[in-house]
Number of protein chains: 2
Amino acid sequence: MADDRLSVIFAALADPTRRAILARLAEGDATVTELAEPFAISLPAISRHLKVLEQAGLITRSRSAQWRSSSLNPEPLREATVWMERYRQFWDTNFDRLDAHLKRMQTQTERNEK
Amino acid sequence: MADDRLSVIFAALADPTRRAILARLAEGDATVTELAEPFAISLPAISRHLKVLEQAGLITRSRSAQWRSSSLNPEPLREATVWMERYRQFWDTNFDRLDAHLKRMQTQTERNEK
DNA sequence: CCTATGTTTAACGCATTCGTTAATTAACGA
DNA sequence: TCGTTAATTAACGAATGCGTTAAACATAGG
């Protein structure tokens, strides 16, 4: 994987387990064990996923006694979205075209039904 | 890599060469050779990148004689953004300002094009 | 100090990714 | 038909990703 920031962010998001972890953290901070609970994979595997998310800046971590709490940091998601914004105009216009197309189809169908 | 749709999309975006190809295609369709030109990598490597982008649905391809033209399909970017929208509420308050800024930019661009 | 609990690190295997060069396929055009 | 151009496929190697189990580390608390 390339080591530029956006690549690291997208690569971190390219795993469903990691996206699920982010979804869980959106509901509140959690320890490693809590985060691991819904998954059928080992604790070390979760630990690695957290490291990936941390390196992408998507989570921050704090220690309290032997527990390490993770919390969501959505800033990289904003960065990723900013990058995609360049294409928004593109997809909006495509949608307009698709929408118009669908409307024409509908009109045609209605005519055929009469 | 997991084979769910979002994972495939994010994985496709996790490579700077592929993102550069998308950026180029935003300016208009191009052949494989044209797309390869800015990069110091071989044509087969570009061909593979295009395959990855195609499988992610980010480009569509057409053939005319011996040239294969690629064109941007931004729909998967919309999907990725939709996924990220869930986290928008967590984003930096600066984001609202940025978003407003981007919207203004777009409106301005649209005006300029008329 | 010893043990239990939470988490990470080490060491390994397997699959995938990304690049290469060489060979192959496809289509045009003299 | 033959040579040229465009692109893909084949075959290979090095690096990375993701999982495992076993061992190590860190802290609380009797």
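In what follows, every chain begins at residue 1, and chains take the letters A, B, ... in the order their sequences are listed.
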Taking the side chain of [X] as heavy atoms from C-beta outward, which of [options] is closest to it?
{"X": "B:Ala45", "options": "D:dT9, C:dT8, C:dT20", "answer": "C:dT20"}
{"X": "A:Trp67", "options": "C:dT7, D:dA7, D:dG19", "answer": "C:dT7"}
{"X": "B:Pro44", "options": "C:dG19, D:dA7, C:dA22", "answer": "C:dA22"}
{"X": "B:Ile41", "options": "D:dA28, C:dT20, D:dT20", "answer": "C:dT20"}
{"X": "A:Ala65", "options": "D:dA28, C:dA27, D:dA7", "answer": "D:dA28"}
{"X": "A:Gln66", "options": "C:dT7, D:dT8, D:dA26", "answer": "D:dA26"}
{"X": "A:Arg48", "options": "C:dA11, C:dC28, C:dT21", "answer": "C:dA11"}

What is the distance, rounded to the nearest whole Å, between atom [atom1] of [X] and atom [atom2] of [N]?
{"X": "A:Ile21", "N": "C:dT7", "atom1": "CD1", "atom2": "P", "result": "13 Å"}
{"X": "B:Leu53", "N": "C:dT17", "atom1": "CG", "atom2": "C1'", "result": "14 Å"}
{"X": "A:Phe39", "N": "D:dC18", "atom1": "CZ", "atom2": "P", "result": "14 Å"}
{"X": "A:Lys51", "N": "D:dC18", "atom1": "NZ", "atom2": "C1'", "result": "14 Å"}
{"X": "A:Glu34", "N": "C:dG6", "atom1": "CD", "atom2": "C1'", "result": "11 Å"}

**OP:** State whether A:Glu54 and A:Lys51 are salt-bridged, where the test is any N-O pair (Lys NZ or Arg NE/NH1/NH2 against Asp/Glu carboxylate O) under 4.0 Å.
**Re:** no
